[in-house]
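Since the structure comes first, as structure tokens, the remarks are kept for the end.
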Amino acid sequence: TGAEAYERAHALSQGKLDASQLCSYATSLNAIGRYDEALKIAQAAGQAAADDRTWMAAAANHQARALLARLDRFRDQR
């Protein structure tokens, strides 16, 4: 999957992917339901974005998607 490819790339780069790559990684994790991991990667994307507001906004969007999905999962368990 895309998530597996990004996971390998992230490991090979020793965690030094740029914000655009991290956002794509978060997208792939969210798409397959790995929300906890997606949240961590999206937070890293926000840090990697530095002062780039476009990538900061994209990272925030991925964080929100992961958090909302986790909330939905919690509600379904009740």
Side-chain angles (χ1 to χ4, degrees):
T1 66
E4 291 168 335
Y6 275 110
E7 186 172 25
R8 179 137 171 82
H10 193 250
L12 289 172
S13 71
Q14 298 177 337
K16 295 181 183 172
L17 297 179
D18 64 27
S20 68
Q21 294 164 325
L22 290 167
C23 282
S24 294
Y25 186 9
T27 296
S28 63
L29 290 168
N30 273 324
I32 62 172
R34 291 170 54 183
Y35 306 119
D36 295 333
E37 294 168 75
L39 180 59
K40 290 177 188 174
I41 295 300
Q43 289 168 337
Q47 292 173 344
D51 293 332
D52 188 324
R53 292 182 182 181
T54 299
W55 289 115
M56 289 171 65
N61 176 59
H62 293 301
Q63 289 178 47
R65 290 180 63 197
L67 289 168
L68 288 170
R70 285 175 30 179
L71 179 61
D72 284 345
R73 187 173 55 195
F74 173 75
R75 285 183 184 162
D76 290 344
Q77 292 175 356
R78 294 175 59 194

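All values below were derived from every heavy atom in this structure, side-chain atoms included, with hydrogens, water molecules and symmetry-related copies excluded.
Summarising the geometry of A45 relative to L22, their closest heavy-atom pair is CB-CB, 3.6 Å, with the distance given to 0.1 Å. Residues M56 and G46 approach most closely at CG-O, 4.4 Å, considering heavy atoms. In terms of heavy atoms, A59 sits closest to C23 at N-SG, 3.8 Å. Annotation for I32 and A3: closest pair CD1-CB, 3.7 Å, computed over non-hydrogen atoms.
Note on Y35 and L39: separate hydrophobic clusters, where clusters join Ile, Leu, Val, Met, Phe, Trp and Tyr whose side-chain heavy atoms are under 4.5 Å apart, directly or indirectly.
Taken from CG in L67 to CD in Q63, the straight-line distance is 7.0 Å, to the nearest 0.5 Å. How far CG of D18 is from CD of Q21: 4.0 Å, rounded to the nearest 0.5 Å. Within the model, atoms CG of L12 and CD of E7 stand 11.0 Å from one another, a figure rounded to the nearest 0.5 Å.
Of the listed residues (H62, E37, K40, R65), just one forms a side-chain contact (heavy atoms from CB on, under 4.5 Å) with L29, and that residue is E37.
Using bins of under 30°, 30° to 60° and over 60° for the plane-to-plane angle, the ring pair Y25/Y6 lands in the parallel bin.
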